[in-house]
Amino acid sequence: MTTLSQEMILSWLEDVKDPEIPVLSLVDLGVIRGIDIAGNHVSIALTPTFVGCPALDMMKDEITSNLKGHGVEDVKISVTFREPWTSDMISEKGKIALKKFGLAPPPSQGLIDDIDVLEHAICPRCNGTHTELKNTFGPTLCRSIHYCLDCREAFEQFKPI
Amino acid sequence: MSEEQAIALKELLYKIADDQLILGHRNSEWTGFGPLLEEDIAFSSMAQDKIGQSYALYQMLHHAGEQAPDTVAFMRHADQFHNCVLVELPNGEYDFSLIRHFLFDTAEALRFDMLTRSSFEPLADLAKKIKGELRYHTLHANTWIKQLGNATPESIARLQTSLNYALPYALGIFEPSPNENIIMDAGFFQGEASLQAEWQSRVISILEQTQLNLPDWKTVTPILGGRIGKHSQHLQPLLDEMSEVFKIDPTAEW
């Protein structure tokens, strides 16, 4: 069998999607924080988007079954907070996928000490900026609910964190 | 780390985790009962955050030799919990839950900000993460306190009554630990006294923007005891309900 490489593992993990946002791979989400390869044994360091994220176990299972499907014998997944996840870890490709999915991508971290950034998210449908924050909590821990005054539709934003 | 320091660190972790778990459970009691859908979702989401955060802290304790998180959460008696009494009080009406949420989360956000500088690295790392999450909790609390603290005579009077009732319990958040000096000397945490000072000025700065009044702090007698396992009559029934399934079938998955 061919020697495993980090690039190989990363390309396989492109197929493992966030269980709550099926257009976004775990790689683009930025939660894969490390890959260690020893022969046919692979250790993955995973960090949750939110500490209480209920999708974490599902992510672990899906990573394991994906890699086993590619012939990796032994998969170990550890949860780490060494480099805590922030929404800046979402790749540019991931942000485009989020917008296409109808979910406003998070603005970059540097901006969010200003409350206006939360209050005036950009509508993912019409790009309108006349929007209102309706609730800092939404259907999942990582989303907030907004209303666009331009196209008069409610939308969700992936929260900057 | 000396043995003395290890004991002090565990006590610190337990009290923070217990606060998060118990208030998380209380928040979850709003699921399906919120005064409006958005608040139902908000309190349910904060419950999920807090219980997840308690799990991460219990996991840290587990690595330090304590029992597994489920065992620690479900099998202890009330007198083995180190949460402050404030978080175990029944939800009451929305005005009390909101005031408690504001007073507690203001302290919690400051606590985790301080913990990002902890000398115990795993805790400092986790605190960086939790600090970001708690910003949404304080944003939520501050928004509603400012809104309802300036709205109608009824909303203002209700919040004022709940504030007067909750303040002695809120001061119990800062009950010093028997290991306070060890905790501070080791750099694990800056200590309850400095947390309380920052908390008071933050609380004042928000309430100044409302029509609510704070009493003279000197007249408020803190209700202590939670940190050493002395609780109100409300904690044990909460624990009984929370652990019901686990006690019937410890191997159940749900």
Contacting region of A:P48 [heavy-atom separation from chain B under 4.5 Å]:
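Backbone of A:P48 only, per the 4.5 Å heavy-atom cut-off to chain B.
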
Please state whether the side chain, the backbone, both or neither of A:K159 comes within less than 4.5 Å of a heavy atom of chain B.
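Both parts, backbone and side chain.
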
Please indicate whether B:R202 has more than 12 foreign heavy atoms, meaning atoms of other residues, nucleotides or ligands, lying under 6.0 Å from its CZ.
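No, CZ of B:R202 has 12 or fewer neighbouring heavy atoms, counting only those of other groups under 6.0 Å.
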
Charged N to carboxylate O under 4.0 angstrom, B:K15 versus B:D18?
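Salt bridge: no.
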
Test side chain to side chain donor-acceptor pair (under 3.5 Å) applied to A:T136 - qualifying residues, sequence neighbours left out:
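With neighbours one apart ignored, the set is empty.
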
Checking B:N150 now: which residues fulfil side-chain contact (heavy atoms from CB on, under 4.5 Å) with it, not counting sequence neighbours?
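Here the qualifying residues are B:T210, B:Q211.
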
Which residue out of A:I145, A:N135, A:L141 racks up the most heavy-atom pairs below 4.5 Å with chain B?
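Of A:I145, A:N135, A:L141, A:L141 has the most heavy-atom pairs under 4.5 Å with chain B.
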
What part of B:E121 is in contact with chain A, defined as an atom under 4.5 angstrom from a non-hydrogen atom: side chain, backbone, both or neither?
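For B:E121, side-chain heavy atoms alone lie under 4.5 Å from chain A.
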
